[in-house]
Amino acid sequence: MRVADLIELLQQRYPTEWAEDWDRVGWVLGEPGAEVDTVLLAVDCDPAVVDEAEAAGAQFVFTHHPLLLRGVSSVAPTTYKGRIVHRMIRSGIALYTAHTNGDVANPGVSDALAAALGLTGVRPLRPDPRAPERGHGRIGSLPEPMSLAAFAAHAAARLPKTAVRAAGDPAATVATVAVSGGAGDAFLTDAARAAVDAYLTADLRHHPAQEHLAGGGPALVDVSHWASERPWLDDVAAFLRAEAGVKTLVSDVDTSPWVLLEGNHS
């Protein structure tokens with residue numbers, strides 16, 4: 001399998017034109033004719049992930065988050081991103097990214113998140129008007145209703161290692177849930193309009209969450225950005241194994257910048 005062949009497969013499954021206008025997705029590094037037998041999949045392309053790719057002998061790295069999302073004027077090896085680019089080129093490792101085009105795909109990032117939580121009857125939270133089967137976020141039902149406190153514990157148990165915060169009445173019943181992998185502030189209104197019992201996402205901020213609850217919106221459950229998106233990589237890995245016949249490795253390097261420390265409860 002060549003780099004160009006893998007890119008064609010990924011483009012068919014996650015077309016770059018599905019990405020938001022501000023996003024930077026697709027082919028980043030790699031010679032089109034270079035051969036690939038091992039692919040490493042990760043949420044982010046950071047030095048630890050490159051270490052892992054080199055150690056595994058992977059010739060291709062697939063990430064969810066773009067390395068070059070923000071514009072740069074230099075990839076000199078004295079810069080953080082430049083060092084990564086130079087290392088990957090020296091090691092002969094290609095890089096490809098599917099970000100918001102992976103978010104809206106069906107199946108996509110939020111489908112994997114919903115599946116990890118055991119949701120059924122899944123449908124888009126904000127459907128794409130051009131293709132209603134696609135879109136941002138997902139809505140589904142839990143196998144059995146549970147309290148908000150129990151649902152938070154359920155999320156902690158079913159997702160990759162993450163801190164879990166909840167906002168709302170801990171005893172409130174949760175039967176229907178909206179989810180959105182990654183930062184989900186933008187879909188608070190959609191979750192409220194959907195009349196679900198809880199909305200699980202990442203990176204929720206104080207004031208939007210406060211105003212959402214004050215306006216009668218559903219309970220909120222906040223997990224780490226990395227943990228909300230990591231489940232999707234298994235789906236992409238399975239696709240590449242089946243369609244390309246390559247070996248796939250999924251990185252469990254937790255690229256979240258936050259660590260959980262004991263709080264001051266005095």
Side-chain angles (χ1 to χ4, degrees), residues 13-15 18-20 23 25 41 43 64-65 98-146 148 150-160 162 164-168 172-204 208-209 212-213 217-239 250:
R13 190 166 179 87
Y14 310 111
W18 290 356
E20 300 289 341
D23 207 359
V25 300
L41 301 96
V43 173
H64 181 46
H65 292 152
H99 190 211
T100 51
N101 50 329
D103 289 335
V104 301
N106 183 5
V109 173
S110 292
D111 291 290
L113 177 56
L117 295 170
L119 302 185
T120 60
V122 174
R123 63 191 188 279
L125 173 62
R126 182 187 288 180
D128 184 332
R130 299 163 298 180
E133 72 279 5
R134 297 196 311 265
H136 287 284
R138 295 294 184 266
I139 299 170
S141 300
L142 289 167
E144 294 182 0
M146 60 184 73
L148 175 61
F151 176 61
H154 173 76
R158 297 292 292 268
L159 296 179
T162 180
V164 178
R165 303 185 298 174
T173 299
V174 176
T176 58
V177 177
V179 299
S180 180
D185 274 1
F187 309 114
L188 286 168
T189 300
D190 299 278
R193 188 180 300 118
V196 294
D197 300 313
Y199 174 43
L200 182 147
T201 188
D203 298 348
L204 289 174
H212 165 86
L213 292 173
L220 300 174
V221 177
D222 184 271
V223 300
S224 84
H225 196 121
W226 178 85
S228 73
E229 294 175 332
R230 163 61 181 82
W232 178 59
L233 300 178
D234 293 321
D235 292 353
V236 184
F239 166 74
V250 178

Nearest heavy-atom contact between Leu148 and Ala167 is CD2-O, 4.0 Å
Under the salt bridge (Lys or Arg N to Asp or Glu O under 4.0 Å) rule, what pairs show up with a residue in residues 180-190, not counting sequence neighbours?
-> Arg126-Asp190, Asp185-Arg205, Asp190-Arg193
To the nearest 0.5 Å, tell me how far Thr162 OG1 sits from His225 NE2.
-> 11.5 Å
Residues that Thr176 engages under side-chain hydrogen bond (donor to acceptor under 3.5 Å, both in side chains), provided they are two or more places apart | Asp197
Listed partners of His64 passing ring pair (Phe, Tyr, Trp, His ring centres under 6.0 Å), at least two apart = His99, Trp232
Under the side chain to side chain contact (heavy atoms under 4.5 Å, CB included) criterion, do Leu117 and Leu200 qualify, and how do the steps go?
-> CA-CA 10 Å; Leu117 295 170; Leu200 182 147; 4.1 Å; yes
Closest heavy-atom pair, Tyr14 versus Ala98, reported as atoms and distance to 0.1 Å, is CB-CB, 4.2 Å
Where at least one partner belongs to residues 102-127, residue pairs that pass ring pair (Phe, Tyr, Trp, His ring centres under 6.0 Å), sequence neighbours excluded = none
Applying side-chain hydrogen bond (donor to acceptor under 3.5 Å, both in side chains) to Arg165 and not counting sequence neighbours gives Asp222
For residues Val196 and Val177, determine if any side-chain heavy atom of one lies less than 4.5 Å from a side-chain heavy atom of the other.
-> no
Shortest non-hydrogen contact from Pro218 to Ala191?
-> CG-O, 3.8 Å
Side chain of Thr201, backbone of Gly182: donor and acceptor closer than 3.5 Å?
-> yes
Gap separating the OG atom of Ser180 from the CG atom of Leu113, nearest 0.5 angstrom = 8.0 Å
Which heavy-atom pair separates Pro143 from Gly118 by the least distance, and what is that distance?
-> CD-O, 3.4 Å
Using side chain to side chain contact (heavy atoms under 4.5 Å, CB included) as the criterion, list what pairs up with Ala153, not counting sequence neighbours.
-> none
Name the one of Asn101, Asp128, Thr100 that satisfies side chain to side chain contact (heavy atoms under 4.5 Å, CB included) with Trp18?
-> Asn101
Just jot down the side-chain hydrogen bond (donor to acceptor under 3.5 Å, both in side chains) partners of His136, sequence neighbours excluded, or say none.
-> Glu20
Return the set of residues passing ring pair (Phe, Tyr, Trp, His ring centres under 6.0 Å) with His212 (not counting sequence neighbours), or none when no residue passes.
-> none
Residue pair Pro124 / Pro132, side-chain heavy-atom distance below 4.5 Å | no
What distance do Leu159 atom CG and Arg230 atom CZ have between them, rounded to the nearest 0.5 Å?
-> 11.0 Å
Could you check if a side-chain atom of Leu220 sits within less than 4.5 angstrom of a side-chain atom of Leu188, using non-hydrogen atoms only?
-> yes
Side chain to side chain contact (heavy atoms under 4.5 Å, CB included) partners of Asn106, counting only residues at least two apart | Asp111, Glu133, Arg134, Arg138
By side chain to side chain contact (heavy atoms under 4.5 Å, CB included), which residues pair with Ala195, not counting sequence neighbours?
-> none
With a 4.5 Å heavy-atom cut-off, do Ser110 and Leu125 have their side chains touching?
-> no
Under 4.5 Å between any side-chain heavy atoms of Pro107 and Arg13, yes or no?
-> yes
Apply side chain to side chain contact (heavy atoms under 4.5 Å, CB included) to Ala198 and list each qualifying residue two or more places apart in sequence or on a separate chain.
-> Phe151, Val174, Ala219
What's the shortest heavy-atom distance between Val25 and Ala19, and which atoms?
-> CG2-CB, 3.8 Å
With distance as the sole test, does Tyr199 use its side chain to make a donor-acceptor pair with the main-chain N or O of Gly217 at under 3.5 Å?
-> no
